[in-house]
Amino acid sequence: MDSVIAPLCLFIPLNCNNNKKKSYYCYYNSNHILNISTKNTIRFSVPSSAGIFNLKKFTAVSFRYDHRYRRGRSGCLRRAVMDSSNSASSPDMQKPKIVTGPGGYVLEDVPHLSDYIPDLPTYPNPLQDNPAYSVVKQYFVHVDDTVPQKIVVHKDGPRGVHFRRAGPRQRVYFDSDEVHACIVTCGGLCPGLNTVIREIVCGLYHMYGVKKVLGIDGGYRGFYAKNTVYLDPKVVNDIHKRGGTILGTSRGGHDTSKIVDRIQDRGINQVYIIGGDGTQGGAAVIFEEIRRRGLKVSVVGIPKTIDNDIPVIDKSFGFDTAVEEAQRAINAAHVEADSIENGIGLVKLMGRYSGFIAMYATLASRDVDCCLIPESPFYLEGPGGLFEYIEKRLKENGHMVIVIAEGAGQELLSESIQSMTLKDASGNKLLQDVGLWISQRIKDYFTKQRKITINLKYIDPTYMIRAIPSNASDNVYCTLLAQSAVHGAMAGYTGFTSGLVNGRQTYIPFYRIIEKRNSVVITDRMWARLLSSTNQPSFLCLKDSIEDTGDEEQSNQLLANGHCGEEDSLISKI
């Protein structure tokens, strides 16, 4: 039978004797009273305002064990003491909303305002009277529309995990005149930030008639320490043609209580947070505090990371622009290297933990002879090492182009262990400049040890790439992300990130966005295509490689000094 797993229930025992059958009342989502037997499922009905599932299809609920409940001496299930004064604000307080169906169907649903606020009024969606949408055959997204996380399945396999499809709903939970929205950008710069800001403002204004939109200046700390600016379509009209963010940004500064206090004081009821995985983690904590206080405030995330290291989604906005702009640096390095004897062009690209920009820029260029990324360990000296490969390419072609991600080879740098543990305000590890370091190592090796004259040119276009406006492809993508976020907030959804999954806009729970980082799988076909393009070695010992498993993970063994061997190996989980 199809079932819904209830994330949070308040149990009140009706009889606490030791009879075989016990029953309880359960306040589902602190609103609906259900009767539960000792079995873990029950038939029930929930008003459609709950906005959770189709009542005709999903008619059972099962309850997971929650650490906030414990058994008393009599064996009765009791709720652990918790009230608004001592509950911790952490993303794992709200248990996942999981809807299951036949054939192994699983929907990882997103929270809704009606989950914790009873009897919310609803309103007709203003889009039904919008002339721009009059040509659309189906105005609104069907309640059962979901998007699969994985589209490649076996015929006998389960249908797998799905996410709720993004888009406008027939009923909305905010009256347009009562909406007071705010937008904040956090973390590093990325092409497309201004486009997302523009499209949120214009989407609210033109699609839903929302006139009150506030811009928070300077990241999270701007909620309580900075000035704000009112935004309307006239203010944001041309900002998509500029790089950076008109709202300013910063790292750190997250004080949950202060932020939610200011949201409450200003009467804000829709919060749009644009940032990477750390920012989305902060948004999850803000959502939990807002839920704990019982505020009618939708918290919506728009994922931003130029490195493309956010999981689940197909890609992050600004990534296409970054890959395109990186071509200019690679082309310049190739011209420099090709114009002189034993020329080496070295380009450092962004990629703190994930080498997607370096990989895709290399594949797009076809002029690169070697690509080094964090996920693929390498060593410098010895058979099969980087120096041997460089010397081979110089003898064959007379020149060489190397692309290296900023997070590659960090374990090889000869800095102190202490310096490797320093972090910035966002909690990111402070990296040493691997580009300068490896440039010097290459020069020293060939001039001092091999007595070969080389001409190495080092190019670091990092800040040039971050600061440019987004290209046409990213501008369209930013528009879809922003409008989907607006539709979700107006429909009463909260605690979610708007993202593209298998080419469809979806609503993804915060916990899925922040649970891990997306990274290049070096046992995947895409990395094999790169190796085929550059003809570079894998820098791994064949005897130490482990066959790829079903979850596309592989362990690679390298000695701490970078040489392959059988003892004292360093295991790197890829």
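Values below: all heavy atoms of this structure, side chains included; hydrogens, waters and symmetry mates excluded. All figures in this text were calculated on a predicted structure; none of them were measured in a lab.
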Inset, instruction - Check whether any side-chain heavy atom of P96 lies under 4.5 Å from a side-chain heavy atom of P509, and answer yes or no. - result: no
Legend entry - Results of side-chain contact (heavy atoms from CB on, under 4.5 Å) for P303 - residues two or more places apart only: I310, I313, T497
Inset, instruction - Compute the centroid of each ring, for Y360 and then for F319, and state whether the two points are separated by less than 6.0 Å. - result: yes
Legend entry - Step-by-step side-chain contact (heavy atoms from CB on, under 4.5 Å) determination, C182 to F223: CA-CA 10 Å; C182 76; F223 277 99; 3.9 Å; yes
Inset, instruction - Hey, could you give me the SG/CD distance between C186 and Q280, rounded to the nearest 0.5 Å? - result: 9.0 Å
Inset, instruction - Check whether any side-chain N or O of T185 sits under 3.5 Å from a backbone N or O of T249 as a donor-acceptor pair, and report yes or no. - result: no
Inset, instruction - Find the distance between CG (L214) and CD1 (I216) and round it off to the nearest 0.5 Å. - result: 4.5 Å
Legend entry - Residue pair E199 / H240, side-chain heavy-atom distance below 4.5 Å: no
Legend entry - V486 versus I200, closest heavy-atom pair with distance: CG2-O, 3.9 Å
Inset, instruction - Can you see which heavy atom on G294 is nearest to which on I117, and at what distance? - result: O-CD1, 3.8 Å
Legend entry - Sidechain-backbone polar pair: H180 side chain, R266 backbone, donor-acceptor under 3.5 Å: yes
Legend entry - Separation between CZ of F510 and CD1 of I286, rounded to the nearest 0.5 Å: 8.5 Å
Legend entry - Exercise: identify the closest heavy-atom pair between T279 and Y220: O-OH, 2.7 Å
Inset, instruction - Would you check if the side chain of Y507 reaches a backbone N or O of S484 as a donor-acceptor pair within less than 3.5 Å? - result: yes
Legend entry - K97 bridged to D115 by N-O distance under 4.0 Å: yes
Inset, instruction - Give a yes or no on whether the backbone of L295 and the side-chain of Y116 come within a donor-acceptor separation of less than 3.5 Å. - result: yes
Legend entry - N125 side chain near R171 side chain, heavy-atom distance below 4.5 Å: no
Legend entry - Separation between OG of S354 and CD1 of I306, rounded to the nearest 0.5 Å: 13.0 Å
Legend entry - Residues in side chain to side chain donor-acceptor pair (under 3.5 Å) contact with N194, at least two apart in sequence or another chain: none
Inset, instruction - Look up atom OG in S298 and atom CD1 in I268, then write down how far apart they are to the nearest 0.5 Å. - result: 13.0 Å
Legend entry - Donor-acceptor under 3.5 Å (D320 side chain, N471 main chain): no
Legend entry - Test side-chain contact (heavy atoms from CB on, under 4.5 Å) applied to Y477 and Q505, step by step: CA-CA 10 Å; Y477 185 29; Q505 295 294 324; 3.9 Å; yes
Inset, instruction - Locate the shortest heavy-atom distance separating P168 from Y208; write the atom from each residue and the value. - result: CB-OH, 3.9 Å
Inset, instruction - State whether the side chain of D309 and the backbone N or O of S519 hold a donor-acceptor pair below 3.5 Å, judged by distance alone. - result: no
Inset, instruction - Just say parallel, tilted or perpendicular for the rings of Y105 and H162, cut-offs at 30° and 60°. - result: tilted
Inset, instruction - State, with a plain yes or no, whether a side-chain heavy atom of R512 is found less than 4.5 Å away from one of F163. - result: yes
Inset, instruction - Working to the nearest 0.5 Å, report the span between CD1 of I373 and CE of M359. - result: 6.5 Å
Inset, instruction - Could you check W527 against V521 for side-chain contact (heavy atoms from CB on, under 4.5 Å), going step by step and ending with a plain yes or no? - result: CA-CA 7 Å; W527 184 246; V521 179; over 6 Å; no
Legend entry - Considering all heavy atoms, the nearest G192-C478 contact: O-SG, 3.6 Å
Inset, instruction - For D109 and R164, indicate whether the former's side chain and the latter's backbone hold a donor-acceptor pair under 3.5 Å. - result: no
Inset, instruction - Output yes when a side-chain donor or acceptor of S470 lies under 3.5 Å from a complementary backbone atom of L193, and no otherwise. - result: no
Legend entry - E375 side-chain N/O to V520 backbone N/O, donor-acceptor pair under 3.5 Å: yes
Legend entry - Carboxylate-amine/guanidinium contact K258 D261, below 4.0 Å: no
Inset, instruction - Please name the residue in the list D217, I239, L189 that meets the side-chain contact (heavy atoms from CB on, under 4.5 Å) test with T245. - result: L189
Inset, instruction - Of all the heavy-atom pairs spanning C202 and V236, show the shortest one and how long it is. - result: SG-CG2, 4.1 Å
Legend entry - Side-chain heavy-atom pair I263, V271 within 4.5 angstrom cut-off: yes
Inset, instruction - Might you confirm whether atom CZ of R504 has over 12 heavy atoms from other residues, nucleotides or ligands at distances under 6.0 Å? - result: no
Legend entry - Minimum side-chain heavy-atom gap V312-V501 below 4.5 Å: yes
Legend entry - Basic-acidic side-chain contact under 4.0 Å: R517, D277: yes
Inset, instruction - State, yes or no, whether a side-chain contact exists between I183 and V213 at a heavy-atom distance under 4.5 Å. - result: yes
Inset, instruction - Report yes if some heavy atom in the side chain of H487 is under 4.5 Å from a heavy atom in the side chain of L127; otherwise report no. - result: yes
Inset, instruction - Ignoring hydrogens and angles, tell me if any N or O in the side chain of T494 forms a donor-acceptor pair with the backbone of V299 under 3.5 Å. - result: yes
Inset, instruction - Could you tell me whether K296 sits above the aromatic face of F174, with NZ or CZ closer than 6.0 angstrom to the six-membered ring centre and within 45 degrees of the axis? - result: yes
Inset, instruction - Give the C-alpha distance, both sets of side-chain angles, the deciding distance and a yes or no for side-chain contact (heavy atoms from CB on, under 4.5 Å) between R169 and V141. - result: CA-CA 6 Å; R169 267 53 180 178; V141 173; 3.8 Å; yes
